[in-house]
Amino acid sequence: MLPKGAQRDRVLKVVHDTSQEEVERVSRETGVPAADVYGAASFYTLISQPDAGARVCQGLSCRMAGSQELFADYLERGEPAIYASCIGQCDRAPAVLSPKMAVVSQRSAGAVSAANPELPMNLGGSDSLDYSALARSRELGGEGVLAALDASGLQGRGGAGFPAGRKWRAVLGETETERYVICNADEAEPGTFKDREVMLRRPHLLLEGLAICAETIGAKEVYLYIRGEFQEPIARLKAALAEVADGPLAGLNYHFVEGHGAYICGEETALLEAMEGRRGMPRIKPPYPTQEGFRGKPTVINNVETLACVPPIVLRGGEWFKGLGRTEAGTKLYCISGHVETPGVYELPLGVSLDELVAVAGGYVGEPVAFSPGGASSGFLPISERERALDFASLSEVGSMLGSAGVVVLNETFDLAEAACSQAIFFEDESCGQCAPCRIGTRLVHQALKGYLETRDPNALEHIEDLAWEMEEGSICGLGMVAALPLTSAIKHFPAAFSGGGQA
Amino acid sequence: MSAPLPDESFTLTINGQQTQARQGERVLGVAGRLGIEIPTLCEDSRLDPVGCCRMCLVEVGGQRRLQPACTWRAEAGQDVTTESPRIERHRKLLLEMYLADAPPVTDPHPLTPLNEISRLAEAHGALDRFPAACSEREGREDANPYIGFDPELCISCARCVRYCDEVEAVSAITLAGRGAGTTIATAGQIGLLDSTCELCGGCIDTCPTGAMHEKKPLAHTRTDSEVSTVRTTCNFCGVGCQLDIKVQDGRVVQIDSPPAGETLNDGNLCVKGRFAYDFIHHEDRLKTPLVRGADGNLREASWEEALKRAAEGLLGVKERHGADALGFVSSSRCTGEENYLVQKLARAAFGTNNCHSCAAT
Ligand SMILES: Cc1cc2nc3c(=O)[nH]c(=O)nc-3n(C[C@H](O)[C@H](O)[C@H](O)COP(=O)(O)O)c2cc1C
Ligand code: SF4
């Protein structure tokens, strides 16, 4: 029960740390009870650890590239440093965020596909300010845009692959006319950094996709929820908006909301909680955001890449887009990192194989052993699956998923048990803690792996099957459901790595 | 038991039994009407359901995943199953995870309510077989004399936090941190006395594990003699909250509210009703009327004598100064009926309208 006039959705914007004085100040300023302010602030690492020094990424790709040694170097030099969950710079591994949120790495920014006007997102090309797709969408009208979307077969690129057209139609079907559009740019799945490149290279494409969505579903307010670690993309987008706010985008209100260090806020309902100033704990669905989303109103939440596909679809037609795919519709931004020559973001037909993707990325480094096709959440597959189509359906057939298409390749030099442990640490650190299967399960899985790595005694892993079963069955959201998958899939495909010996 | 249902009721099936439900009802409540028990931890009839403890998951026809009975809305034609090998495996494993993370104390004090985790673990054959989770949940130094918090026993169901917000509208406590470290905290971990807390103790009442606990009686009670419960009415004010008073060897050792839903106070009490009972056995407590003797000292007297003395005094004032020189103020501890009698005494017996109750402001 909030006091009248309290402004909960300002809390996370104005709070800087979790000190008593700061919490009291924000409570006075917003009218939100001090305990609620503290509870929300303490959830987010960028607020609860504001002056922690350098944030050394401990995502899988960075770990494989030596982040532990890097961390030790900091401590040796007496420079304050903490470990951070994946900071979305896997192509520049090992990467660090400076206290001022600047990316520090020895390697230059990753590669993208070369310019090619036939590619919908064409990251290598130049961004265009003409907003011709927006103009075209006005000619087509809402129904025309939706028909093009349906024909395109565009599946959500945030991980779940839900058809974009159906999501927009769901909001249109609601009687409530106050509606919202939110761009999910919280990109934090280990191995994933494609949305970052879209925002950096094609900000206008994204802004235009958002405008088409807003006009189609009858929304005036457009929100971009961007992880706070992405200061450069945020600045780029803001600058782009300034160029067109009074031009083609007049009439729409764009709002930027920065994340505060919590992977779970990429889950759409946790994102809504964060935008409303609360702890980022996913909501129970139904109701879905299309029914009761931001401030309880019908809301479209789409991933950056999904929205960036919209303008080309509107301009060149759904059939054209669909035809670009191999096994499923359209092109896809594949992120690739780990043991490959040229990590980066490559736009390829949806359904290419790992071998094809790696060929574009300059080839394997060393002898490939395993890969993770879609972020930590997709677990590990053996290299024998190198020819499998990297798409939604084919990967789910083998108990994995395309997810965010954050592909990480591991060669013979990296221990699968270490890799699984890296993912276990990530999920334990990022569990919101709301439900017991995930909160306790991620903890126990990490403890078991740690125990195994210390002793190489397979008994340390004796309860894993039960824990994984319950995490999958009992968790509220996707995080807990898949959090044991890196370990169970690694055990399944690489039993030798978990039978007491060293490497697989 | 089943009141006539309004027209918009519909039929659904639970465990093969057809039953009626109304729009908006949740599966948990409908099943409860049929006498079907579904275990819960984060549910409290006074709070909005949140479905976070995962204890009440059931199978709903057409749904791939198990769904929480506390939040899932009953719908016409729905087919719900609350007992199956899959559900039983889930319940057992979930409880085993709770046992690993928040193990109940093995030798609980006789006045601590039964830890729900212990009770459910026994009912579902859950064993303490997983390694301890060793989650680091922050506790807090707190000098308040009544309410303690033991993070080791906390299962983050947030009943206390939601109670403090939804029932008391006080919001003194919050979930804090995240993941395995999630705990219950005040703003900046200050003591409850420095927070907005009103020390009503409702957090203790709703806590299923005893993580929120009462500091007082644990220090007072002996463990070697029996404790009986006396249901009575709180006499601190006229609301008439019911109390369950715990008595040991003729002494009050703890006061509880009857369970929510059972009496008019619905499980709620205020700081006085729950914690202010030290006066009962205090040596300074007045037990008989006192009147002042000719020597100026107070001495014990009968009620008859004391009332006579009061009447004489009041009538004397009226005689010398008129009835409006008198005023009658009744205590906030009086009931409505007693307040009525006080004003009647003022008006009918003494002839003045000068009457008031201190509970009126
Ligand atoms: C744990 C978790 C994390 C997620 N993180 C992201 C994310 O960083 N970005 C994103 O777009 N979607 C993320 N999602 C998926 C969103 O919940 C949602 O499905 C998506 O934003 C919808 O957009 P789309 O239909 O365009 O894919 C995540 C889901 C889960 C369960
Ligand atoms: S599964 Fe994990 S992240 Fe998701 S709601 Fe439960 S505790 Fe939170």
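Hydrogens, waters and symmetry mates are skipped; everything else that's a heavy atom, side chains included, is used. Proteins get letters first, then strands, A, B, ... in listed order; numbering begins at 1 in each.
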> Between B:Arg178 and A:Thr45, is any pair of side-chain heavy atoms under 4.5 Å apart?
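Yes. Closest side-chain heavy atoms under 4.5 Å.
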> At a heavy-atom separation under 4.5 Å, does B:Thr186 approach chain A through its side chain, its backbone, both, or neither?
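For B:Thr186, the contact with chain A is made by the backbone alone.
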> Below 4.5 Å, heavy-atom pairs only: which of A:Asp36, A:Ile440, A:Ile284, A:Leu467 has the largest tally toward chain B?
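Highest number of heavy-atom pairs under 4.5 Å: A:Ile440.
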> Using a heavy-atom distance cut-off of less than 4.5 Å, which residues of residues 264-282 of chain A contact chain B?
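Listed by number: A:Arg279, A:Met281.
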> Could you name the residues of residues 21-33 of chain A that have a heavy atom within less than 4.5 Å of a heavy atom in chain B?
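So far as heavy atoms go, A:Val23, A:Pro33 are the residues that approach chain B to under 4.5 Å.
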> Which heavy atom of B:Ala176 sits nearest a heavy atom of A:Tyr38, and at what distance?
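Between these two residues, the closest heavy atoms are CB-CE2, 3.9 Å.
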> Can you say whether B:Glu138 sits under 4.5 Å from chain A via the side chain, the backbone, both, or neither, judging by heavy atoms?
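Answer is side chain: those atoms of B:Glu138 sit under 4.5 Å from chain A.
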> Pick one of side chain, backbone, both or neither for A:Phe427, based on which atoms fall under 4.5 Å of a heavy atom in chain B.
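Nothing of A:Phe427, per the 4.5 Å heavy-atom cut-off to chain B.
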> Can you pull out the residues in residues 441-450 of chain A with any heavy atom less than 4.5 Å from chain B?
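Against chain B, the residues of residues 441-450 of chain A that fall inside the cut-off (heavy atoms, under 4.5 Å) are A:Gly441, A:Arg443, A:Leu444, A:Gln447.
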> Is any side-chain heavy atom of B:Glu96 closer than 4.5 Å to a side-chain heavy atom of A:His463?
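In short, these two side chains do not touch, never coming nearer than 4.5 Å.
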> Given side chains that start at C-beta, do those of A:Asp466 and B:Arg129 come closer than 4.5 Å, heavy atoms only?
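A:Asp466 reaches B:Arg129 side chain to side chain.
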> Would you say CD of A:Glu176 has more than 12 non-hydrogen atoms from neighbouring residues, nucleotides or ligands within 6.0 angstrom?
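Correct, the count exceeds 12.
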> Can you name the residues of residues 197-206 of chain B that have some heavy atom under 4.5 Å away from a heavy atom in chain A?
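Listed by number, there are no contacting residues, so the answer is none.
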